[in-house]
Amino acid sequence: MDDSASAGTSTTAPAASSEVLALTGALSFDTIPTVLEQSEQYAARPDLPDRLTIDFAAITSVDSSAVALLLEWRRQAALRGKRLEFANLPPTLLALANLYGVAELIQQP
């Protein structure tokens, strides 16, 4: 598996107004710019679902930049009036979020 995270793998959930986006690889200072670019392209879709679940089950490693990424995604979802959920957050990511005092923001439904 490579060291990059990919926001390109997605599967559509049964409801037309929701989707699951599965991330793979590492979320690090090196990969975050690419992930942000991919997420901006995704968010520009004219058929953007009302609810998006981002699945972290296949993430291999994270650093503190992943916390900033999740907060940015929350901010963008709120601006668009969309619901964003995170599934299978890695324990390391949750530990970093707790350390920075933002775990509640990341884990909110």
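Using a cut-off of 4.0 Å between Lys/Arg side-chain N and Asp/Glu carboxylate O, R83 and D50 are scored as not salt-bridged. Ion pairing between a basic and an acidic side chain is recognised when a charged N comes within 4.0 Å of a carboxylate O; E85 and R74 show no such pairing.
Here the CD1 atom belonging to I59 is positioned 10.0 Å from the OG atom belonging to S28, to the nearest 0.5 angstrom. To the nearest 0.5 angstrom, D47 atom CG is 12.0 Å from S17 atom OG. Rounded to the nearest 0.5 angstrom, I106 CD1 and L93 CG are separated by 5.5 Å. One distance of note links CG of L21 with CD1 of I54; it measures 5.5 Å at 0.5 Å rounding. Separating the CG atom in D55 from the OG1 atom in T53 is a distance of 8.5 Å, to the nearest 0.5 Å.
For R75, the salt bridge (Lys or Arg N to Asp or Glu O under 4.0 Å) partners at least two apart in sequence or on another chain are E72. Partners of S61 by side-chain contact (heavy atoms from CB on, under 4.5 Å), not counting sequence neighbours, listed by chain and number: A26.
With 3.5 Å as the limit, one finds a donor-acceptor pair spanning the side chains of S65 and D63. Defined by atom type and a distance below 3.5 Å, a donor-acceptor pair is missing between the side-chain atoms of E37 and Y42.
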Working for side chain to side chain contact (heavy atoms under 4.5 Å, CB included), residues F86 and L23:
CA-CA 11 Å; F86 300 126; L23 301 180; over 6 Å; no
Might you work through the side chain to side chain contact (heavy atoms under 4.5 Å, CB included) test for L70 and L89, ending with a clear yes or no?
CA-CA 11 Å; L70 272 62; L89 289 169; 3.8 Å; yes
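Pairing each heavy atom of L48 with each of A43, the nearest pair is CD2-O, 3.6 Å. Between L27 and A66, the closest heavy-atom pair is CB-CB, 3.9 Å. The two atoms that bring K82 and P49 nearest to each other are CD-O, 3.3 Å, heavy atoms only.
A single hydrophobic cluster is seen to contain both I32 and L105, as judged by linkage of ILVMFWY side chains at heavy-atom distances under 4.5 Å, directly or through other members. Residues L69 and L99 share a hydrophobic cluster, clusters being chains of Ile/Leu/Val/Met/Phe/Trp/Tyr side chains in contact below 4.5 Å.
Within the structure, side chain to side chain donor-acceptor pair (under 3.5 Å) contacts touching residues 91-102 (residues at least two apart or in different chains) do not occur.
Taking 4.5 Å as the limit, every side-chain heavy atom of Q76 sits out of range of all side-chain heavy atoms of L84.
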